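What follows is a set of notes on a single structure, which appears directly below.
No experiment lies behind these values; they were computed from the predicted model shown.
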Amino acid sequence: MLFLIEYDRLRGEIVSMTTYANEQHDHAHDARLQLELRLRREVAKREVVIMEAANEDALRKTHARYFKSAQALVPSTPGIAPGTHGKVASPSAEPFEAG
C-alpha cells in the first residue's frame, strides 16, 4: 500500500493523506507531482512524501513523526519541566519560570 502525505511542518500535522494500491504506483507519483506543483505556486511550507507500508498501522509505527506531536515523540525526563528548554530544576532552587 502506498501513502501520499502532505505534511505541514509549521503546524506539525498532516494536511492530507491519500492511499493507493501498490499497482497504482504511477498514479500515486503523478498525484505527488501535481500536489508539489500546486504547493509551490501557493508558496506553502509543506512536505510531500510517498511511503510504502503494509497498512496504516505499520506506517504509524515506522513514521510516527507524521502522526504524533513533538511532545509525544520525546519521552518525559524527570526533573525537566515543560517549557524549560531542557533546564533541570534543582530540588532546592526557586520555581523555574520560562521566559
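With hydrogens and angles ignored, the 3.5 Å screen pairs a side-chain donor or acceptor of Gln24 with a backbone N or O of Ala21. No donor-acceptor pair under 3.5 Å is formed between the side chain of Asp8 and the backbone N or O of Arg46.
Through direct or indirect side-chain contacts shorter than 4.5 Å among Ile, Leu, Val, Met, Phe, Trp and Tyr, Leu33 is connected to Leu37. Grouping Ile, Leu, Val, Met, Phe, Trp and Tyr residues whose side-chain heavy atoms lie under 4.5 Å apart, directly or via other members, places Leu2 in a hydrophobic cluster with Leu4, Tyr20, Leu35, Leu39, Val48, Ile50.
Rounding to the nearest 0.5 Å places OG1 of Thr18 at 9.0 Å from NE2 of His27. Interatomic distance, Arg40 CZ to Glu36 CD, rounded to the nearest 0.5 Å: 9.5 Å. Between Arg9 atom CZ and Glu47 atom CD the span is 4.5 Å, to the nearest 0.5 Å.
Checked against ring pair (Phe, Tyr, Trp, His ring centres under 6.0 Å), His63 has no partners two or more places apart in sequence or in another chain.
Closest approach of Phe3 and Asn55 over heavy atoms only: CZ-C, 3.6 Å. Residues Ile5 and Met51 approach most closely at CD1-CE, 3.5 Å, considering heavy atoms.
There is no side-chain donor-acceptor pair under 3.5 Å between Tyr66 and Glu13.
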| message | Evaluate Tyr7 against Val15 for side-chain contact (heavy atoms from CB on, under 4.5 Å), listing each step before the verdict. | response | CA-CA 6 Å; Tyr7 183 77; Val15 175; over 6 Å; no
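Using a 4.0 Å cut-off between a side-chain N of Lys or Arg and a carboxylate O of Asp or Glu, Arg38 and Glu6 qualify as a salt bridge.
The side-chain heavy atoms of Glu56 and Met17, taken from C-beta on, include a pair separated by under 4.5 Å.
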